[in-house]
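Atoms within a ligand are numbered from 1 in the order they appear, just like the ligands themselves. One is the number of the first residue; the rest follow in order along the sequence.
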Amino acid sequence: MLYSEKVLDHFSNPRNVGEIEDADGVGEVGNAKCGDIMKMYIKVDNGVITDVKFKTFGCGAAVATSSMATELIKGKPIEEALKLTNKAVVEALDGLPAVKLHCSVLAEQAIKAALSDYYTRQGIDPLPIIGEIGDCEHCH
Ligand code: FES
């Protein structure tokens with residue numbers, strides 16, 4: 001089987017799909033490798049991510065990894081969400097085929113982009129906290 005049961009589950013029944021109208025931060029990123037797009041919405045209360053939703057024009061692996069990523073950061077402090085790597089998301093899904101690893105980067109980057117937007121709205125420079133939202137080594 002090419003895809004793990006968890007990947008198939010999150011692909012056919014993705015969690016936290018949609019948008020948050022009064023979001024505290026919105027991030028949109030594109031995948032340099034395939035051109036797919038991911039949009040992430042977050043609500044933040046007292047430094048904790050209380051809600052998160054995503055929308056994607058992406059492949060099944062992008063849907064599954066974003067679904068898992070939103071589950072992993074919901075209810076968590078911002079600091080923890082910033083530490084979430086695409087590798088950890090892939091591990092939580094019991095792996096992805098190597099050719100689909102680049103898809104998992106969209107979720108990580110979209111979370112960072114949404115948090116970056118959140119800090120900017122607060123009048124805080126996000127760069128020292130989040131750093132550059134770059135591509136991963138799988139994408140080139
Ligand atoms: Fe583009 Fe998967 S092929 S995100």
Side-chain angles (χ1 to χ4, degrees):
M1 188 51 155
L2 198 56
Y3 291 106
S4 74
E5 264 174 43
K6 281 192 194 162
V7 172
L8 294 174
D9 174 35
H10 277 264
F11 170 60
S12 28
N13 178 25
R15 316 333 183 233
N16 305 311
V17 172
E19 50 189 287
I20 301 174
E21 262 177 36
D22 57 343
D24 298 313
V26 181
E28 185 174 325
V29 293
N31 194 317
K33 182 151 177 165
C34 60
D36 289 349
I37 293 169
M38 175 79 57
K39 206 163 177 183
M40 195 75 76
Y41 303 78
I42 53 166
K43 282 296 274 184
V44 179
D45 189 21
N46 251 325
V48 171
I49 298 173
T50 53
D51 200 9
V52 51
K53 292 216 184 308
F54 78 94
K55 271 188 162 177
T56 186
F57 296 99
C59 70
V63 171
T65 46
S66 309
S67 168
M68 177 56 93
T70 56
E71 285 219 309
L72 290 172
I73 66 164
K74 202 168 172 178
K76 299 277 164 57
I78 290 177
E79 297 77 48
E80 256 183 72
L82 283 175
K83 281 191 218 136
L84 183 73
T85 62
N86 72 301
K87 204 168 162 253
V89 176
V90 170
E91 275 166 17
L93 285 167
D94 295 335
L96 269 182
V99 292
K100 301 304 275 179
L101 276 178
H102 71 92
C103 312
S104 66
V105 181
L106 269 182
E108 180 193 316
Q109 289 181 332
I111 290 168
K112 286 189 174 142
L115 285 168
S116 175
D117 180 47
Y118 164 73
Y119 280 121
T120 304
R121 291 186 197 197
Q122 307 293 310
I124 301 166
D125 180 7
L127 200 61
I129 306 165
I130 297 174
E132 297 278 353
I133 303 166
D135 288 329
C136 81
E137 68 267 30
H138 304 300
C139 300
H140 298 284

Problem set entry | side chain to side chain contact (heavy atoms under 4.5 Å, CB included) partner of Thr65, chosen from Leu96, Asn86, Leu106 | Leu96
Exercise. Ala62 heavy atoms, cut-off 4.0 Å: which ligand 1 atoms fall inside?
Worked result: 4 (S)
Problem set entry | Residue, atom name and distance, where the atom is the protein heavy atom closest to atom 1 (Fe) of ligand 1 | Cys34 SG, 2.1 Å
For this session: Quick one: look at Ala61 and ligand 1, take heavy-atom pairs under 4.0 Å, and tell me if it's side chain, backbone, both or neither.
Result: neither
For this session: Work out whether the distance between some heavy atom of His102 and some atom of ligand 1 is less than 4.0 Å.
Result: yes
Seminar exercise, completed: Rounded to the nearest 0.5 angstrom, the CD1-CD1 distance for Ile124 and Ile129 is 5.5 Å
For this session: Check Lys100 against ligand 1 and report side chain, backbone, both or neither, counting heavy atoms closer than 4.0 Å.
Result: side chain
Seminar exercise, completed: CD1 (Ile111) and CG (Leu72) are apart, to the nearest 0.5 Å, by 8.0 Å
Exercise. What N, O or S atom of Asp36 is found closest to atom 1 (Fe) of ligand 1?
Worked result: OD2
Problem set entry | Numbered atoms of ligand 1 (with element) below 4.0 Å of Cys103, judged on heavy atoms | 2 (Fe), 3 (S), 4 (S)
Problem set entry | Lys76 NZ to Ile49 CD1 distance, which is reported to the nearest 0.5 Å | 9.5 Å
Seminar exercise, completed: Under 4.0 Å from one or more heavy atoms of Cys59, ligand 1 contributes atoms 2 (Fe), 3 (S), 4 (S)
Problem set entry | Check against salt bridge (charged side-chain N to carboxylate O under 4.0 Å, His left out), Lys55 and Glu19 | CA-CA 7 Å; Lys55 271 188 162 177; Glu19 50 189 287; 2.5 Å; yes
Seminar exercise, completed: Taken to the nearest 0.5 Å, the spacing of Ile42 CD1 from Ile73 CD1 works out to 7.0 Å
